Amino acid sequence: MRAAAATLPCLAGCGLASATSPGLPLLLPASDPDAQFTVEAKYYEKLDHKKIKCKLCPRECVIDDRERGYCGARENRGGTYYTLVHSRVATAHIDPIEKKPLFHFLPGSPAFSIATAGCNVNCKFCQNWEISQVRPEQVRSTYMPPMDLAALARQYRCPSIAYTYSEPVIFYEYVSDSVEAGHAQGVRSVVISGGYIQQEPLKKWCHNVDAIKVDLKSFSEKFYREVVNGELKPVLETLVTIRKQGTWTEIVYLVIPTLNDSDGEFKAASLWVKSNLGPDVPVHFTRFHPEYLLTNLPDTPLETLERAKAIADAEGLHYVYVGNVPGHPAENTYCPKCRKIVVERQGYTIGQIHLKKGKCGFCGQTIPGVWT
Ligand code: SF4
């Protein structure tokens with residue numbers, strides 16, 4: 001067995017639960033003068049009367065002087081737009097990469113996982129709402145500049161940094177600088193995102209980051225409007241662009257009882273993935289647990305997840321997983337040609353791996369992913 005999960009408190013002191021690596025101390029002393037977190041934003045347009053238009057995500061907030069955008073993490077000061085969360089880490093943990101989940105990316109490896117406060121959508125089912133739905137000054141944060149972040153990842157033997165938990169798009173500049181700092185120190189970077197981002201900043205990320213996991217929260221504009229406060233179309237465009245640019249990607253579809261769990265929606269999403277991204281992009285149908293504003297709904301029944309998988313399999317997708325059900329056989333990676341298990345999983349624990357240079361160890365079929 002390669003990796004086993006154990007509980008670990010947040011390394012930045014946020015109190016959220018996490019996993020792996022025993023006995024790590026708090027990383028750096030907390031310090032909070034806002035100036036050290038304030039860096040000019042990369043994507044915005046100056047308008048008349050000191051207004052600006054943010055060009056980072058499809059929301060395109062138009063913001064008056066001394067006001068903030070929807071995400072609460074960016075502020076207009078005298079006609080110049082700033083991120084307020086550069087190096088402002090609200091939570092930090094060492095997680096198995098399988099928890100992101102990324103199943104075709106360095107299996108069994110730990111990812112140094114961080115987030116800042118804020119988000120550009122408001123999902124009613126958010127699992128991390130304590131940090132995603134607040135402003136940066138409302139949570140305790142730790143100053144962790146990119147070089148230090150990369151050094152800490154190395155120190156704790158993490159081959160990758162994961163930007164995760166809240167929404168990395170809203171700490172875009174910090175991610176971009178940390179990706180570079182990480183690469184300079186031999187550490188890779190993975191972005192765990194809702195994919196609600198404009199094309200120009202996305203393409204820049206595609207050139208630099210090593211993998212992007214995207215949440216496809218449903219296949220319905222109505223759901224995105226009513227449950228996410230976002231839009232589906234830009235997320236689909238994001239997926240197409242990532243695929244075209246050749247960056248490794250996997251999709252998570254969180255299955256929520258009564259809201260996005262119909263056969264028709266599973267079928268439409270699977271067909272779209274196959275036609276627009278190809279059959280080799282992994283899709284994880286993941287179990288919902290009641291959280292935040294959706295505590296009235298039950299956990300996703302196992303039969304629903306298995307139905308989603310059966311539909312996606314029937315549409316011809318090669319790597320369809322069932323998530324948040326530890327021990328389920330659909331956690332394993334199967335070779336699409338000989339059907340043998342090439343990566344064995346149980347929860348976050350990795351068992352046997354039968355891959356040779358990215359090919360099935362039994363029949364030689366290429367298994368796409370980032371394996372070394
Ligand atoms: S990143 Fe924030 S400020 Fe910019 S458009 Fe999106 S929500 Fe608005």
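Just so we're clear, the structure is a prediction, and the values are computed from it rather than from any experiment. Atoms within each ligand, like the ligands themselves, are counted from 1 in listed order.
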| field | Non-hydrogen side-chain atoms of W248 and D210 separated by less than 4.5 Å | value | no
| message | Can you count the protein N/O/S atoms lying under 2.8 Å from atom 6 (Fe) of ligand 1, leaving waters out? | response |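 Protein heteroatoms (N, O, S) closer than 2.8 Å to atom 6 (Fe) of ligand 1 number 1.
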| request: Indicate the ring-plane relationship of Y172 and Y43, choosing parallel, tilted or perpendicular according to the 30° and 60° boundaries. | output: perpendicular
Taking the side chain from [X] and the backbone from [Y], do they hold a donor-acceptor pair closer than 3.5 Å?
X	Y	answer
E331	G327	yes
Y165	N128	no
H183	R188	no

| task | Quick one: look up the protein heavy atom nearest atom 3 (S) of ligand 1 and list residue, atom name and how far away it is. | result | Y81 OH, 3.1 Å
| message | Cation-pi check for F285 against K309: NZ or CZ below 6.0 Å from the six-membered ring centre and within 45 degrees of the axis, yes or no? | response | no
